[in-house]
Number of protein chains: 2
Amino acid sequence: MDFRDRSLPDGINPMNFPAKLWRLVNNPLNEGISWDIHGEVILIDQHLFEKQILSPRANTSPDAFKTTNFSSFVRQLNLYGFKKVDQPIKQLDTLQDIINL
Amino acid sequence: MDFRDRSLPDGINPMNFPAKLWRLVNNPLNEGISWDIHGEVILIDQHLFEKQILSPRANTSPDAFKTTNFSSFVRQLNLYGFKKVDQPIKQLDTLQDIINL
DNA sequence: GGGAATATTCCC
DNA sequence: GGGAATATTCCC
């Protein structure tokens, strides 16, 4: 039988942007970046993200970036096909919210 | 009359590599990088350069690089036309040295 | 958002 | 050393 770590698909360089983004968004300690309730959209709180991920002091993590500029991070998102969503996805806490979607 | 700062030629972006290199090599506080006695060759002490310029702690200077790898610094030198000199230039302290050159 | 210039990394 | 991939910056 064939068991192996499927935390990342094959062929993805673990130090490149997509892999870092994957780890960052899946780490619940990173409050500045998370999945929306449907797991289809990445939610980013710019202020928290800058403070927790981009600030020079946060540079101990292997997932840190060399840039400290939020705009450069967004440039990377765009280069990898991410687009800003027109209407921000709200946090859906209740069934009623989902019905009203 | 026309007086102005000639510390860098016109058209040189002061935050790009050539300008940073110019300031680094001309600053006598940077012991890891200096001119040879003829002012034609840049002398680099890798160990001192890494310690004083490339180390993460040195990143307060506007002339700091984002890389901490000496090899990446050398890649930049090569991209701007610098080549390693075959025989290292020795420090010439006396007239006799110059005669013997 | 994205094209292009520049910097950094990776690899031959 | 340098080509090419990737990251970062600059600018429209």
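Just so you know, these numbers come straight off a predicted model, no measurement behind them.
- Looking at heavy-atom distances under 4.0 Å, A:T67 makes contact with sugar-phosphate atoms alone, never a base.
- Between A:F82 and B:S71, the one whose closest nucleotide on DNA chain C sits nearer the 5' end is A:F82.
- On the nucleic acid side, DNA chain D contacts chain B at distances under 4.0 Å to non-hydrogen atoms, with the end points of that region at D:dG1 to D:dT9.
- Residue contacts for B:F73: at a heavy-atom cut-off of 4.0 Å it reaches no nucleic acid atom on any strand shown.
- Here the CG atom belonging to B:D63 is positioned 7.5 Å from the CZ atom belonging to B:F65, to the nearest 0.5 angstrom.
- The residue among A:V74 and A:K66 whose nearest nucleotide of DNA chain C is located toward the 5' end is A:V74.
- A:T68 is not listed as a side-chain neighbour of A:S55, based on a closest heavy-atom distance of 4.5 Å or more.
- To the nearest 0.5 Å, atom CD1 of residue A:I42 and atom CG of residue A:L21 are 4.0 Å apart.
- At a threshold of 4.5 Å between non-hydrogen side-chain atoms, the residues B:I53 and B:L24 count as touching.
- The structure places CD of B:Q76 at 9.5 Å from OG1 of B:T67, a figure rounded to the nearest 0.5 Å.
- The side-chain heavy atoms of B:V41 and B:L43, taken from C-beta on, include a pair separated by under 4.5 Å.
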